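Quick note on labels: first sequence line is chain A, next is B, and so on, each numbered from 1. On a predicted model such as this, the values are computed, not experimentally measured, just so you know.
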Protein chains: 2
Amino acid sequence: MTRPGLGRERARTLARTMERDIGLGHLAPGEWLKQVDLEARYGATRMEVRQALDRLVEKGLVKHLARRGYRVEDFDPERQAQIMEVRAILEAAAADQVIGLLDEATLAAMEVQAERFRANVLDGTVEEQEEANLEFHRLMLAPCPNRELVALLFDLRGRVPVAVTRRRNTVGLLQRAAEHHFEIIRLVRARDATGLARLMRVHNLTPKAPDVG
Amino acid sequence: MTRPGLGRERARTLARTMERDIGLGHLAPGEWLKQVDLEARYGATRMEVRQALDRLVEKGLVKHLARRGYRVEDFDPERQAQIMEVRAILEAAAADQVIGLLDEATLAAMEVQAERFRANVLDGTVEEQEEANLEFHRLMLAPCPNRELVALLFDLRGRVPVAVTRRRNTVGLLQRAAEHHFEIIRLVRARDATGLARLMRVHNLTPKAPDVG
DNA sequence: GGCTCCTGTATTGGCGCCAATTTATGTGCC
DNA sequence: GGCACATAAATTGGCGCCAATACAGGAGCC
């Protein structure tokens, strides 16, 4: 069944899966995460569930109450805003690092994702929107030589559940974010570093709806 | 013996202790971390050791080889430099946030630690240097409203083992870092935001000896 | 009727055992 | 003497059991 040494890896992926489910709201804030339920739901062993929960606690997505269990952390808007601010800072710095490294082929690929995101804003699930958005930024950060910076950015992304903040996003704000993507591409092509840094900040810190990054 | 629900907390503190021991070089890079040895050394149970190791793997301080064991990660200078760069970015941003919030009492306390650090550069253990250094920055970041930013900065601090990089630091470079501390205080008093941001960058990215932050 | 206490049930959490596998040791052979 | 192979020891890693504790439901009491 479970081959030796693979439990670690399985727990890892389980944690990622649960992280996404929390982000998408399938596991609602305040909800109790009973170990037996999680075993059944994800087809995992008890130990894998425990390790995954432990990681999510470490990331601040899940709260642990001794002898009571685990529950999905309810999201303090202020804390979320702080995380978004950190993201904005790093995203601006990362943009500065890749502005001279993005070739035309990558920019074209980014444009495709920008189109996809814009289309999904109107008629598309949150998952589809998020996939396009994620891929856009993944492409953009791919040439960044500082892998730690990139890894940290994606880690921070996982700490801000889309479902929660996206709830506050009107279609208008999402459209604005969609247009940002095209503007980003334009500024990279123009090699306008200061303009890009400013836009990355705005893109991450859209007033009262800080999530679409 | 072990009271219920405390295992988690103990594993947490054990991870922190081991993290410091790795940072100080008491656990050398490449060294095998046998679970029985760790049990004996830290007076912990098997499970606590496992959880602690798991966390250190997650942080990138320890490498796990299936069915072989855990060993202290040997530190890629490039990766370290990347982490230091992230720290420099965030430290500059944090400085900008606290420059208007630091009162004279705190600045005086910082000055004490700056003196302590300078003294320990000449005759003092690495531990003493690091304690003064840490306290200086702790005081400086205390009024920062973005707690996530501060938490992340201290987390990043733990990922760069002082012993390893400090090895490259000549006394001259350490003294330069010590003077930086006084310069930081001066710039905060003068409310020179741009100068402070620049200095925080330099302070973190001292050429070829990027560790003293 | 409502409050309290008590019992039964569900859930978590730690501990120990044992299998799988790797490393070290010793023996025979070339 | 050195190499290959078999055997023994050591180590990790997963699984299951059971104690400790919290929660739910019901009975008894005021």
From [atom1] of [X] over to [atom2] of [N], roughly how many Å is that when rounded to an integer?
{"X": "A/E39", "N": "C/dG13", "atom1": "CD", "atom2": "C1'", "value": "14 Å"}
{"X": "A/Q51", "N": "C/dG13", "atom1": "CD", "atom2": "P", "value": "14 Å"}
{"X": "A/L65", "N": "D/dA22", "atom1": "CG", "atom2": "C1'", "value": "12 Å"}
{"X": "A/E48", "N": "D/dG13", "atom1": "CD", "atom2": "P", "value": "14 Å"}
{"X": "B/Y70", "N": "C/dT22", "atom1": "OH", "atom2": "C1'", "value": "15 Å"}
{"X": "B/K34", "N": "D/dG13", "atom1": "NZ", "atom2": "P", "value": "14 Å"}
{"X": "A/M47", "N": "C/dG16", "atom1": "CE", "atom2": "P", "value": "17 Å"}

### Message
Is a donor from one side chain sitting under 3.5 angstrom from an acceptor on the other, for B/Q82 and B/R79?
### Response
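The answer is no; no qualifying pair exists.
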### Message
Check this for me, if you would: do A/E39 and A/R46 make a salt bridge, where the nitrogen-to-carboxylate-oxygen distance has to be below 4.0 angstrom?
### Response
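Yes, this pair counts.
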### Query
Between A/R8 and A/E48, does at least one N-O distance fall below 4.0 Å, as a salt bridge requires?
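Not counted as a salt bridge, because no side-chain N and carboxylate O are separated by less than 4.0 Å.
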### Query
Can you tell which of D/dA22, D/dT11, C/dG14 lies closest to the side chain of B/R8?
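Among the listed nucleotides, the one closest to the side chain of B/R8 is C/dG14.
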Taking OP1 and OP2 of [N], is either one under 4.0 Å from a side-chain nitrogen or oxygen of [X]?
{"X": "B/R46", "N": "C/dC15", "result": "no"}
{"X": "A/Q35", "N": "C/dG13", "result": "yes"}
{"X": "B/H64", "N": "D/dT12", "result": "no"}

### Task
Between B/W32 and B/R50, name the one whose nearest nucleotide on DNA chain C is closer to the 5' end.
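The answer here is B/R50.
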#### Entry: Residue whose closest nucleotide on DNA chain D lies nearer the 5' end, A/R68 versus B/R68
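Here B/R68 is the residue nearer the 5' end.
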### Query
Quick one: the side chain of A/R67 and the base of C/dT12, do they pair up donor-acceptor inside 3.5 Å?
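A donor-acceptor contact between them is present.
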### Message
For a 4.5 angstrom cut-off between non-hydrogen side-chain atoms, does A/E111 reach A/H181?
### Response
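No, too far: nothing below the 4.5 Å cut-off.
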